[in-house]
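Report on the structure given below.
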Amino acid sequence: MLLKGGVFVLPRFSPSFSISSRIRLSKMSTAAAPIIPKFISVEGVDINSRSIPDGFRFSLVSYNILAQVYVKSSLFPHSPSPCLKWKARSQAILTVLRNLGADFLCLQEVDEYDSFYKGNMDSNGYSSIYVQRSGQKHDGCGIFYKHNSAELVLEEKIEYNDLVDLNDDGSYINDRHCDTPASANSDAEPKKGSSPQNTTEERGDPNDPRVRLKRDCVGIMAAFRLKDPSHHLVIVANTHLYWDPEWADVKLAQAKYLLSRLAQFKTAVSDKFECTPSVLVAGDFNSTPGDKVYQYLVSGNSSVPQLECLDGLPIPLCSVYDFTRGEPPFTNCTPDFTNTLDYIFFSPSGHIKPVSFLELPEPDSSDVAGGLPNHHHPSDHLPIGAEFKVTGA
């Protein structure tokens with residue numbers, strides 16, 4: 001999650017507008033109801049208008065809900081003060097999650113899990129699993145799943161700090177920094193929760209790979225058996241990668257570790273349950289379309305050019321939005337930084353296929369005018385989502 005940076009031109013979208021400029025110059029809306037986006041079929045039809053279902057379907061939404069610990073008026077001076085208060089934000093987030101009605105919810109920056117989200121989501125029909133960030137961080141990643149849609153059969157947590165010991169041979173990063181930033185934005189302000197005075201101290205010596213890799217980032221992955229006639233197994237992974245565009249080698253190392261763990265987990269699930277599970281990977285990857293992290297994550301897809309610096313192919317993945325409609329112009333929206341950072345990836349197979357995606361606002365939409373959070377959107381990120389059709393067991 002970034003708070004400042006330039007405007008990027010994204011694939012498949014016209015470069016004739018400045019997204020951040022429009023967000024900055026527009027007048028903020030003052031309506032008080034959170035917007036609930038709809039799922040739009042790949043054919044362009046609202047899924048609620050389907051008359052005859054053609055096979056079992058399930059939906060997944062990924063959403064960085066903005067940890068309350070990072071919500072300060074100094075960081076969000078553009079946001080109406082009432083929108084930053086926990087009581088209002090928590091209820092707005094709960095309203096969005098409840099009305100989206102997804103079978104799986106992959107949430108990032110969850111910092112009131114035990115005191116709020118776990119119980120409230122359970123009363124709305126969701127069980128959940130959660131991993132808190134390492135160190136002194138208070139937020140984490142959670143997967144919430146509907147009781148009547150899926151059964152949890154196996155789970156594992158991912159601690160990216162494990163890379164500190166795994167990198168002794170330099171297999172993830174070495175003492176030569178990656179000289180290519182994660183995006184064109186190289187002058188980003190510190191991440192929410194940091195300050196210019198303590199950022200250098202928190203990071204430590206940037207020339208030490210062990211220091212660079214200890215970023216307290218986490219992920220969680222689980223295998224679920226769908227409660228439909230096929231009983232198909234689906235692996236869902238949820239993660240939040242490191243934020244700084246100048247530390248692109250750290251994010252790339254985290255992405256490599258994520259797919260390595262995911263491949264091992266898929267093998268374990270396949271062996272234990274004698275099946276071929278589908279794979280879904282969601283989260284805030286703090287990476288823009290086309291950068292090295294994004295390219296790596298889809299490099300197992302033969303239609304994507306390979307990165308010369310990468311050895312071996314990770315598990316094949318495709319971005320749902322790129323596959324169905326093209327990456328959106330933005331999923332994170334503030335006056336100083338507006339771009340796409342959030343993704344849902346899936347493993348192309350004969351078992352599932354995306355049939356709809358969650359709609360997103362256009363850059364000139366009134367509900368994002370002035371930047372987020374606002375009365376319409378309780379986080380500085382937007383929820384993204386997809387509906388999948390089960391085509392085989």
Heavy-atom pair of closest approach, residues [X] and [Y]:
| X | Y | result |
| --- | --- | --- |
| S59 | D103 | N-OD2, 2.8 Å |
| P378 | L66 | O-CD2, 4.5 Å |
| L358 | I384 | CD2-C, 3.9 Å |
| R210 | D208 | N-OD1, 2.9 Å |
| G142 | V110 | N-CG2, 4.4 Å |
| S287 | Y343 | O-OH, 2.6 Å |

Output yes when a side-chain donor or acceptor of [X] lies under 3.5 Å from a complementary backbone atom of [Y], and no otherwise.
| X | Y | answer |
| --- | --- | --- |
| R89 | I65 | yes |
| K146 | G101 | yes |
| S260 | K256 | no |
| N238 | I143 | no |
| T340 | P328 | yes |
| N124 | N120 | yes |
| E155 | A222 | no |
| S278 | H351 | no |
| S79 | P373 | yes |
| D122 | K118 | no |

Please determine whether residues Y63 and I35 belong to a single hydrophobic cluster, defined as Ile, Leu, Val, Met, Phe, Trp and Tyr linked transitively by side-chain heavy-atom distances below 4.5 Å.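 No, no single cluster joins them.
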Could you tell me the separation between the [atom1] atom of [X] and the [atom2] atom of [Y], rounded to the nearest 0.5 Å?
| X | Y | atom1 | atom2 | result |
| --- | --- | --- | --- | --- |
| R212 | Y242 | CZ | OH | 9.0 Å |
| R261 | L259 | CZ | CG | 12.0 Å |
| R98 | L105 | CZ | CG | 12.0 Å |
| D169 | N167 | CG | CG | 6.5 Å |
| Y160 | H240 | OH | NE2 | 10.5 Å |
| D111 | R133 | CG | CZ | 11.0 Å |

Quick check: do [X] and [Y] have side-chain heavy atoms less than 4.5 Å from each other?
| X | Y | value |
| --- | --- | --- |
| V61 | F104 | no |
| H377 | P34 | no |
| L382 | F330 | yes |
| V250 | L163 | no |
| L241 | D284 | no |
| T239 | I220 | no |
| K157 | V218 | no |
| V281 | F346 | no |

Check the pair C141, L107 against side chain to side chain contact (heavy atoms under 4.5 Å, CB included), reporting the backbone distance first and the verdict last. CA-CA 6 Å; C141 296; L107 306 184; over 6 Å; no
Which of N332, T331, N64 passes side-chain hydrogen bond (donor to acceptor under 3.5 Å, both in side chains) with D342? It is T331
Could you go step by step and tell me if L152 and I129 meet the side chain to side chain contact (heavy atoms under 4.5 Å, CB included) rule? CA-CA 9 Å; L152 175 68; I129 53 177; 3.8 Å; yes
Is a donor from one side chain sitting under 3.5 angstrom from an acceptor on the other, for [X] and [Y]?
| X | Y | value |
| --- | --- | --- |
| Y294 | E327 | yes |
| E387 | S356 | yes |
| S115 | E112 | yes |
| E159 | S134 | yes |
| S62 | Q108 | yes |

Name all residues meeting the ring-ring contact (aromatic ring centres under 6.0 Å, His included) criterion together with Y130; count only those two or more places apart in sequence or in a different chain, and write none if there are none.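 Only Y113 meet the ring-ring contact (aromatic ring centres under 6.0 Å, His included) criterion with Y130.
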Applying the side chain to side chain contact (heavy atoms under 4.5 Å, CB included) test to T334, which of D380, L372, L75 qualifies?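 Answer to the side chain to side chain contact (heavy atoms under 4.5 Å, CB included) test with T334 among D380, L372, L75: D380.
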Please step through side chain to side chain contact (heavy atoms under 4.5 Å, CB included) for the pair M121 and S128, ending with a clear verdict. CA-CA 8 Å; M121 292 303 290; S128 58; 5.9 Å; no
Could you tell me whether F285 and F345 have their ring centroids closer than 6.0 angstrom? yes
Do F224 and Y145 have their ring centres less than 6.0 Å from each other?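 For F224 and Y145, the ring centres are under 6.0 Å apart.
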Identify whether the distance between the nearest side-chain nitrogen and carboxylate oxygen of [X] and [Y] falls below 4.0 Å.
| X | Y | answer |
| --- | --- | --- |
| R215 | D244 | no |
| K137 | D216 | yes |
| K38 | E359 | no |

Pick from F58, F323, F39: which one makes a ring-ring contact (aromatic ring centres under 6.0 Å, His included) with F388?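 Only one option passes, and that is F58.
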Atom NZ of K227 with >12 non-hydrogen neighbours under 6.0 angstrom: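 Counting other residues, nucleotides and ligands, NZ of K227 exceeds 12 neighbours.
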Working for side chain to side chain contact (heavy atoms under 4.5 Å, CB included), residues L252 and I173: CA-CA 9 Å; L252 186 58; I173 65 172; over 6 Å; no
Output all residues satisfying side-chain contact (heavy atoms from CB on, under 4.5 Å) with K85, sequence neighbours left out; order by chain, then residue number.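 side-chain contact (heavy atoms from CB on, under 4.5 Å) list for K85, sorted by chain: S81.
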Show your reasoning for whether salt bridge (charged side-chain N to carboxylate O under 4.0 Å, His left out) applies to D249 and K292. CA-CA 9 Å; D249 58 336; K292 281 196 171 184; over 6 Å; no
